[in-house]
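Worksheet for the structure shown next.
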2 protein chains.
Amino acid sequence: MQDKTTKQTARSARGQAISADLIAVVIAVTNGEPRVLTIGQAGALPSGPFEFGHRSLQSGLRAWVERQTGHRLGYIEQLYTFADRDRIGDERMQRVISISYLGLTREEQAERSPMHGWQGWYNYFPWEDHRAGVPLMLPDVVMPRLRAWADEADNPYTRHDRWQRVAIAFGLDDRDWNEELALQRYELLYEAALVAEAVRSLNTGGASPIPGRPMIADHRRILATGIARLRTKIKYRPVVFELMPPIFTLLQLQRTVEALAGRLVHKQNFRRLIEQQDLVEETGETMSDTGGRPAKRFRFRQTVLAERTAAGTKLPLSRA
Amino acid sequence: MQDKTTKQTARSARGQAISADLIAVVIAVTNGEPRVLTIGQAGALPSGPFEFGHRSLQSGLRAWVERQTGHRLGYIEQLYTFADRDRIGDERMQRVISISYLGLTREEQAERSPMHGWQGWYNYFPWEDHRAGVPLMLPDVVMPRLRAWADEADNPYTRHDRWQRVAIAFGLDDRDWNEELALQRYELLYEAALVAEAVRSLNTGGASPIPGRPMIADHRRILATGIARLRTKIKYRPVVFELMPPIFTLLQLQRTVEALAGRLVHKQNFRRLIEQQDLVEETGETMSDTGGRPAKRFRFRQTVLAERTAAGTKLPLSRA
DNA sequence: CATAATTATACTCATCTGGAGCATAATAGA
DNA sequence: TCTATTATGCTCCAGATGAGTATAATTATG
């Protein structure tokens, strides 16, 4: 009886025809700059429809990225799935589900292919790079306009709510800047119609967008999702190594982390953290063209991968 | 030129017809027992196809859960999206994408509807409840069979790899039990064909499954995904409160956390943690039918929700 | 009513961890 | 040789965390 309910509903499902798009946020870090793999005029992420022939979502994604950019993906993980109303097919309106993935690689491979481009991700999010201090555009351009946006609300509660969200996302008052909130910041800027995509779709004429390169459809939002995820993840899983060459110095590793986080790290403490976790081992060689004392070279200890994949966070557990 | 490439591939997408299923893992905690909302003979999760009329994936999911169980969802978050080969339509083979969500609620509401059932989640995963110590079935049944599974591999590397994965997932040797690895454990048990679903689909005759109620298709795996996600999340976001009544004592809160984590918590430290984070405030009343000294009653401070939604983990940052 | 059992709370203590900064070492370049 | 720059080793301190001790306030029981 109850089983029937289930089956019937499931059956009606098959009638609806929809399509699914696979979208990839592929990241690499070169010369201390995080980059994202793009296609077209660097205004789009590699993507393509999930097809019948694909063995799985992942393999479909790999196929599309390879076809469009010549780049072969290594590590990938799912980001998010959504189905917006405004995503429309060609002739008739048709529902499209977008399934996005985050991929990590080293840039070098397949660098030759002409159909792809690695773009510094801070071109799309200039307000996210705090390595050289707070970007001037924040106090000079972004904050005033967000302030104005908050104030323009009729309802005082809305005003307060808007401003509080801004304060949290951008670390105002005595709050710290939290690099993990990249997505929330982009969404706020979109809501406030300060990014080109919002002006475009909301048709909010007049105001010009703040600096930062736009992308087609919602690709920039997807990129922001990937950045936020990666910034969170590097803190509890050794994923940075997916972006590193086989051999590296601790400073190179540090620069990579800083590039991703968009902020600086305390050098000595960074080394302590890495070493005490047994994440790396010395190769024995040193590297001397560092401009100072030669640095020891390290390699990632594959061994820990299995163990560290499992992490764990805090709870006042009892051992008994 | 490159833009064309994008558009063309996007276009070819529309031809493929696939369907998408929405699947819900809805959790509540009653009397210190975590429960999941099921339909049918308690062997399935609420689910249904994503339809053209649905405003979004989320609203489609809410509609299905409400129709099938009479339960109105509050907090929900996306879990995972997958597209298995073996998921087949009625007549012809058709691709189905499954999009799963985690929902948190209080059981009370709509308790009356006859078409639904709240099932203790440890019925499905008896090896996951370590509140009363390590379940006997682990040393008595599960571990020996996992050991045998590891040993039956021809390749010594495979043997070692299998056993290492088991050791990590189940906290052997000097490792701690990590409650967050619920999904990995289920997947290992599936791989070793120790759960009914695996025996069913792999057609591995003979061996009987270990204790633990099975579900249809991959619903139990999805449930495991939800459990793992929730166990991880309660540690850095105040989501537990979605499961609590408006007013509660600290012990009730603790019992809820313990129910989810499947392990005990140090009482004094738990209170310290909660209080120092300003997550709750006293109502002024006390509750005296606790069997001992009356307990103060608390309520969740909605105020912190906005702030705490943003969290942050560790990195040796520098403030300069 | 006295005592036991049970739950609530307040504190103390020993570690561990993370943020900062000082000091020294080892090179290249002026 | 002196200076600038990067690499490394160590120390300090404060706050967070795991455990355990000591009371307080009720209910259940004999």
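Numbers restart at 1 for each chain; the letters A, B, ... are given by sequence-line order, proteins then strands.
- At least one side-chain heavy atom of A:E275 sits under 4.5 Å from a side-chain heavy atom of A:L250.
- Between the CZ atom of A:F270 and the C1' atom of D:dT6 there is a distance of 15 Å, rounded to whole Å.
- Whole-Å rounding puts the B:D278 CG to D:dA16 P distance at 12 Å.
- A:L250 comes within 4.0 angstrom of no nucleic acid atom, judged by non-hydrogen atoms across all strands.
- The aromatic rings of B:W177 and B:H130 lie parallel to each other, their planes meeting at an angle below 30°, with 60° marking the opposite boundary.
- A donor N or O paired with an acceptor N or O is not found under 3.5 Å between the base of C:dG18 and the side-chain atoms of A:N269.
- Every pair tested for salt bridge (charged side-chain N to carboxylate O under 4.0 Å, His left out) that includes a residue from residues 134-144 of chain B fails, sequence neighbours excluded, so the list is empty.
- Residue A:R272 places no side-chain atom within donor-acceptor reach of the base of D:dG9, judged by atom type and a 3.5 Å distance cut-off alone.
- Applying the salt bridge (charged side-chain N to carboxylate O under 4.0 Å, His left out) definition to pairs two or more places apart or across chains, those involving residues 246-257 of chain B are B:R255-B:E258.
- With respect to the salt-bridge test (charged N to carboxylate O, under 4.0 angstrom), the residues A:K233 and A:E77 qualify.
- Ionic pairing of A:K235 and A:E179 is present here: one or more N-O contacts between side-chain nitrogen and carboxylate oxygen are shorter than 4.0 angstrom.
- Residue whose closest nucleotide on DNA chain C sits further toward the 5' end, between B:R297 and B:G291: B:G291.
- In this structure, B:F298 places its CZ atom 11 Å from P of C:dA8, rounding to the nearest Å.
- Applying the 3.5 Å distance criterion, the base of C:dG21 shares a donor-acceptor pair with the side chain of A:H266.
- Spacing between atom CG of B:L251 and atom P of C:dT6 amounts to 14 Å, rounded to whole angstrom units.
- Applying the 3.5 Å distance criterion, the base of D:dT21 shares a donor-acceptor pair with the side chain of B:Q268.
- B:R271 places its CZ atom 14 Å from the C1' atom of D:dT23, with the value rounded to the nearest Å.
- Counting only Watson-Crick or G-U wobble pairs whose defining distances are both under 3.5 Å, the stems of 3 or more consecutive pairs in DNA chain D are C:1-30 with D:1-30.
- Distances were taken from every side-chain heavy atom of A:K296 (C-beta onward) to each of D:dG9, D:dT17, C:dT7; the shortest belongs to D:dG9.
- A cation-pi arrangement, defined by a distance under 6.0 Å to the six-membered ring centre and an angle within 45 degrees of its axis, is present between B:R147 and B:W163.
- Taking 4.0 angstrom as the limit, A:R293 places none of its side-chain polar atoms (N or O) nearer than this to OP1 or OP2 of C:dA25.
- Atoms CZ (B:F248) and P (C:dT7) sit 20 Å apart, rounded to a whole Å.
- Dashed line: the shortest gap from a side-chain N or O of A:K267 to OP1 or OP2 of D:dA7 is under 4.0 Å.
- Note: CG (B:D176) to P (D:dT17) measures 17 Å, nearest angstrom.
- Rounded to an integer number of Å, the gap from CG of B:L264 to P of D:dA19 is 12 Å.
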